[in-house]
**Q** 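Have a look at this one before I ask anything.
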Amino acid sequence: MRPPHKYVVLVLGLILLALVILVAVGVGSVNVAPAEMLSILRAVLKGADPAQLGGQAVVIVGLRLPRVILAGLVGAALAGAGVAFQALFQNPLADPYIVGVSAGAGLGATVVIGFGLTIVGSQVLAVNLSAFIGALGISYLVYRIAYSRQGVSNLLLLLAGMAVSAFLSAVISLVMVFGSRNLAETVYWLMGGFTGRGWSELWLAVPCISVGLAGLWFLRRELNMLLLPEDDARSLGVDVGRVKVLVLGAASLMAAAGVSVGGLIGFVGLVVPHGARLVVGPDHRYLFPTSVIYGAVVMILADLVARTALAPLELPVGAITALFGAPFFLYLLSQAKAGRR
Amino acid sequence: MQTVPFPLVIVDGAKNVLEIKEQPQRIISLSPGVTELLFAIGAGDRVVAVTTWCNYPPEAAKLAKVGDMNINYEVVAELSPDLVVADNSLQQTTAERLVNLGLTVLQVKPVNIVGILDSLELLGRVTGCLDQAQDLIGELTRLLAANRRRVENSPLAKEPVSVLVLLDPEELYSAGSGTYIDEVITRAGGTNLAGGVPGAWPKLSLEYVLAKDPEVILLTYGEPTDLVKNPYLRRLSAVKAGRVYLLDPDIYNRPTDRLIKGIPLLTELFLPVREAR
């Protein structure tokens with residue numbers, strides 16, 4: 001292991017992230033020349049109203065910029081939560097949805113869309129809030145099921161998460177049948193994506209994901225301890241029970257925020273941590289930030305492909321991440337097999 | 001000449017209060033029905049973009065496209081429309097996101113024939129084409145009244161023709177209550193066999209269809225010969241008597257003036273069934 005190598009990967013990731021953001025804001029179904037884009041951004045920074053600057057300014061400032069930021073945040077959240085859950089469960093198959101956040105968010109969103117509910121006259125707000133509360137509520141329920149005086153049992157968390165998710169997907173199907181007038185919209189929500197999303201989602205995503213990321217960053221050494229057998233960790237002076245609860249809370253918060261604003265987007269939370277682990281190793285002081293940065297890069301790119309591949313038609317971003325993520329995961333598996341030989 | 005003053009404050013079909021400052025010059029339509037209504041009242045030359053499903057009138061099909069049920073917000077925003085018009089099929093979240101972009105979104109609510117006439121009036125007011133809209137409303141109202149008299153003075157008044165609508169001759173999907181075609185059949189002097197079945201687009205059982213034995217079958221997809229090939233459906237009276245007709249779904253499934261003008265055509269199909277006896 002050569003430590004400088006890890007920093008190179010991190011710095012490269014940051015440069016890549018900056019580049020990807022610039023490209024993603026500049027490219028889309030509407031063509032905006034780079035010079036035009038910069039002058040729009042400059043004018044808006046000086047306080048100009050995008051609506052007065054014309055259609056292209058609304059596209060850049062009202063749609064693309066917030067969408068790219070949102071995609072980056074959700075990618076970071078899913079990859080970061082994936083790392084945390086994989087450490088917590090000591091299970092390489094753990095993904096951000098393992099404790100039921102996706103099913104909880106799905107139920108929350110489906111109920112609001114299916115029955116046409118609103119909060120203060122806004123359905124966008126209702127969908128986001130209801131999905132978020134559903135996601136957090138369900139992960140707390142799963143946590144309570146797995147909790148006993150001996151602490152949180154990983155096995156119970158895993159099984160309870162699966163059982164609750166299966167139950168909720170049945171409820172979601174029923175809600176979809178009864179709220180069938182809005183069936184198509186529900187299906188599109190469940191497929192995941194960032195179409196039309198932006199500022200009205202960022203108020204939820206920014207605080208929750210920032211708190212989650214910061215929390216897990218402070219716990220990066222403790223995440224390493226979780227990889228040891230519990231007795232060994234205890235003998236090193238780590239309060240394993242407390243660490244588990246904190247990690248679970250931070251990761252669930254991020255995953256819940258991510259899924260409630262982006263829908264169910266698979267594979268980013270699974271593949272990015274594994275890819276990062278291959279390059280920088282299992283030490284969470286490097287693995288966590290690397291996964292977070294590359295998670296953002298991957299999600300912004302996936303969304304870019306989703307909205308440009310067949311423009312002006314938009315594809316569900318979850319389909320793009322699965323389309324590229326699953327083969328890449330298989331490639332990682334074959335590499336791991338070769339390494340074992 | 002009646003002039004409509006701008007600025008104008010109106011309440012639209014979604015109960016939103018809108019302020020229209022000037023006569024809209026760049027209109028985007030988000031539904032095929034709305035597109036047809038806009039062209040019918042003479043506002044078509046100010047429509048700048050439509051959906052991929054908007055195929056009538058032919059001029060509309062040539063306009064820029066903003067998507068289908070899922071619209072591309074970037075394309076909409078770049079066109080800087082001063083009015084976006086949709087019907088009640090617009091998703092509420094989509095409407096909100098468009099309003100958040102600073103756009104004026106008008107929703108009409110043509111849920112039935114009367115709703116179509118109301119929508120024409122609202123569109124006429126908002127686009128500054130009220131005169132033409134009222135002319136068209138007058139023409140359609142007279143047409144409806146004339147056809148009602150014709151039905152009332154015919155054997156159809158006492159004994160409406162039983163009608164089966166098939167969206168798909170293989171799967172027996174039909175049009176239930178609340179659909180445009182259901183109301184149109186009733187007004188034309190028929191009884192829709194799927195009118196009392198729950199759901200807008202129910203799938204009927206073969207038993208039900210054979211037991212009810214419709215006198216007329218209206219297809220919106222496929223060919224009348226498809227029914228002759230079917231060993232069960234060919235026993236139906238409508239098939240034996242050759243009373244299977246193919247309707248243009250664009251006319252009979254959209255809330256437009258063409259739908260209303262299509263009612264007398266159905267009455268023409270229904271009358272011979274009674275007169276033949």
**Q** Just wondering, more than 12 heavy atoms not from B:Lys109 lying within 6.0 Å of its NZ?
**A** no
**Q** Taking atom CD of B:Glu59 as the centre, does the number of heavy atoms from other residues, nucleotides or ligands within less than 6.0 Å exceed 12?
**A** yes
**Q** Heavy atoms only, distances under 4.5 angstrom: which of B:Val75, B:Ile71, B:Asn70 has the most pairs with chain A? Name it, please.
**A** B:Asn70
**Q** Report which part of B:Leu101 has an atom under 4.5 Å of a heavy atom belonging to chain A: side chain, backbone, both, or neither.
**A** both
**Q** Could you check whether atom CD of B:Glu19 has more than 12 heavy atoms from other residues, nucleotides or ligands sitting under 6.0 Å from it?
**A** yes
**Q** Checking A:Arg307 against chain B: side chain, backbone, both or neither under 4.5 Å from a heavy atom?
**A** side chain
**Q** Roughly how far, to the nearest 0.5 Å, is the CD atom of B:Gln91 from the OH atom of A:Tyr188?
**A** 9.5 Å
**Q** Calculate, to the nearest 0.5 Å, the distance between atoms CD and CG belonging to B:Glu78 and A:Leu63 respectively.
**A** 11.5 Å
**Q** Taking side chain as everything from C-beta outward and backbone as N, CA, C, O, which of these in A:Glu314 sits under 4.5 Å from a heavy atom of chain B? Side chain, backbone, both or neither.
**A** side chain
**Q** Determine whether more than 12 heavy atoms belonging to other residues, nucleotides or ligands lie under 6.0 Å from atom OH of B:Tyr221.
**A** no
**Q** Shortest non-hydrogen contact from A:Val59 to B:Glu74?
**A** CG2-O, 3.4 Å
**Q** Does any backbone or side-chain atom of A:Glu201 lie under 4.5 Å from a heavy atom of chain B? Answer side chain, backbone, both or neither.
**A** side chain
**Q** Provide the closest heavy-atom pair for B:Gln92 versus A:Gly121 in the form atom of the first, atom of the second, distance.
**A** NE2-O, 3.8 Å
**Q** So which atom in B:Ser80 and which in A:Gly54 form the shortest heavy-atom distance, rounded to 0.1 Å?
**A** OG-C, 4.1 Å
**Q** A:Ser122 and B:Glu96: which non-hydrogen atoms are nearest, and at how many Å?
**A** OG-OE1, 2.7 Å
